[in-house]
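Per chain, numbering begins at 1; letters A, B, ... match sequence-line order. Source: prediction; values computed, not measured. The figures here come from the full heavy-atom set of this structure, side chains too, leaving out hydrogens, waters and symmetry mates.
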Protein chains: 2
Amino acid sequence: MSADAASGTAPRIGPARPRSRRARGAAGARRPVYDVASLLAVAVAEFNTRGYDATSMEDLSRAAGITKSSFYHHVSGKEELLRAALERSLDGLFAILDERHATSGRPVDRLRYIVRRQVEVLQAELPYVTLLLRVRGNTETERWALERRRSFDAAIAELVREAAGAGQVRADVDPAVAAKLLSGTVNSIVEWYRPGRPGADALPEDVVRTVFEGVLARD
Amino acid sequence: MSADAASGTAPRIGPARPRSRRARGAAGARRPVYDVASLLAVAVAEFNTRGYDATSMEDLSRAAGITKSSFYHHVSGKEELLRAALERSLDGLFAILDERHATSGRPVDRLRYIVRRQVEVLQAELPYVTLLLRVRGNTETERWALERRRSFDAAIAELVREAAGAGQVRADVDPAVAAKLLSGTVNSIVEWYRPGRPGADALPEDVVRTVFEGVLARD
DNA sequence: GTCTATATTTGGATAGAC
DNA sequence: GTCTATCCAAATATAGAC
């Protein structure tokens, strides 16, 4: 899966990079060394390091080990890459809302499930989610992504409101504020989580416990 | 205070902007229409809207209602503005750590105090703190700011570790993880908080309660 | 598919008149 | 203090050879 290449360990390879020219299947099918997906992984890693706006096509092509012109042979420009990356990330997040445990049960239990899954998706799709969370809204693509994000957050907020109405969430904090703090906590993980660290498997549950029960020791 | 001008309501005024040519004090002192502080407020608002890298000097001068050349008469370039903004933000945050209630008492109580104050500083210095939290590390100035931020976060993490050692913070979550979630929650507020909203005064305590006791209703 | 060369635009920054 | 004019570098993107 290309998520691997999009991580910190992007294949930074010089111009003389060795490679198998092509891979032939049983039917003689040819697979190009670079498809859009693999260039996307390289590009997203660069975007996350420098920021989307500060990353030039020159930076991207250098990171891929080819010239700018060659890079343009594969993609129409920066924005196509951005759109593909944001789409992947948003699709992953929205899919959670359709899962079984997200659609039935007590509001607070559905909320707990969604938070756990959101952390899992964030871990699995880290570079793509990271990029999504840094979008500012300068282009049409970015505004489209912001709109979908708002819609996702609104679904969470509605669930918090329901849970509060059912007395399952504390009543002394505005549910809208609680929802924003909850989403903010989960999203902030992209700023420090790196895959392969010890404790990565425990993170989703750690986050659920911390968010729902707080950091204080029980007395 | 210029924090006001740096908010969403920046003085977007056209070329024919009316203004008093100068203000004379009792001693006949002259005050320029634009000093560095007021241009900084305008610039930071632009940086936060479009992102620092996506904001050109042309954008900044247009927002200030003067030409690029005139803008350069006041400041040496984008980076000077960035540095001044980040400095202001970092100074505000670090000052918290020297306050009385941050230096004495039980670790958990110091922590609670710092979180509350951090939210208050974030509210008071919103545009500046927002900019700080979005810095990527492309220039020397940005790396300097990231370094100071890391140092601030490390102070919080150490306090969480102490509180955990004293049994005041839950033991089933790694204190380092808890500290990152705590900082992430507070920092995420810049993404949605806007001054002058109802409930702004209650926010610091709402955040403290939510972070320390969780979102669940007490049974 | 990849390259070199180049067209075109934008951005940072300065010179010098008023 | 502000302006117009301009320089230079960098960025997006394309043309066309191999």
(message) With nearest nucleotide decided by heavy atoms, which residue, Thr67(B) or Thr55(A), maps closer to the 5′ end of DNA chain D?
(response) Thr67(B)
(message) Using modelled atom types and a 3.5 Å cut-off, is there a donor and acceptor pairing between side-chain atoms of Ser183(B) and backbone atoms of Lys180(B)?
(response) no
(request) With DNA chain C as reference, determine whether Ser70(A) or Glu79(B) sits nearer its 5' end, using the nearest nucleotide of each. (result) Ser70(A)
(message) I want to check one thing: is the phosphate of dC3(D), taken as OP1 and OP2, less than 4.0 Å away from some side-chain N or O of His73(B)?
(response) no
(request) Please state how far atom NE2 in His74(B) lies from atom P in dG12(C), giving the value in whole angstrom units. (result) 17 Å
(message) Measure CG/Leu60(A) against C1'/dA10(D) and give the value in whole Å, please.
(response) 15 Å
(message) What's the closest nucleotide to the side chain of Ser56(A) if the choices are dT12(D), dG1(D), dC3(C)?
(response) dT12(D)
(request) For the pair Glu142(A) (side chain) and Arg136(A) (backbone), establish whether a donor and an acceptor sit closer than 3.5 Å, ignoring hydrogens and angles. (result) yes
(request) Report the distance from atom CG of Asp53(A) to atom C1' of dT12(D), rounded to the nearest whole Å. (result) 14 Å
(request) Using modelled atom types only, decide if a donor and an acceptor are shared between the side chain of Arg143(B) and the backbone of Gly137(B) within a distance under 3.5 Å. (result) yes
(request) Without swapping roles, check the side chain of Arg134(A) against the backbone of Asn48(A) for a donor-acceptor pair under 3.5 Å. (result) yes
(message) Using whole Å, what does the distance between atom P of nucleotide dA9(D) and atom CD of Glu58(A) come to?
(response) 16 Å
(message) Using a 4.0 Å heavy-atom cut-off to protein, can you give one letter per nucleotide of nucleotides 13-18 of chain D, 5' to 3': B if the base is in contact, S if only the sugar-phosphate is, - if neither?
(response) BBB---
(request) Quickly work out the Arg62(B) CZ to dT10(C) C1' distance and round it to whole Å. (result) 12 Å
(request) Find the distance Tyr52(B):OH to dG11(C):C1' and express it as a whole number of Å. (result) 12 Å
(message) Under a 3.5 Å threshold, yes or no: a donor from one side chain and an acceptor from the other, between Glu79(B) and Thr141(B)?
(response) yes
(request) Hey, could you give me the OH/CG distance between Tyr52(B) and Leu81(B), rounded to the nearest 0.5 Å? (result) 8.0 Å
(message) Please check: side-chain N/O of Asp206(B) versus main-chain N/O of Val173(A), any donor-acceptor pairing under 3.5 Å?
(response) no
(message) Could you work out how much the helix from dG1(C)-dC18(D) to dC18(C)-dG1(D) bends, comparing the axis of its first five pairs with that of its last five, to 10°?
(response) 0°
(message) Please check: side-chain N/O of Arg83(A) versus main-chain N/O of Ala145(A), any donor-acceptor pairing under 3.5 Å?
(response) no
(message) What's Ser61(B) touching, base or sugar-phosphate or nothing? Going by heavy atoms closer than 4.0 Å.
(response) nothing
(request) Without swapping roles, check the side chain of Glu125(A) against the backbone of Gly92(A) for a donor-acceptor pair under 3.5 Å. (result) no
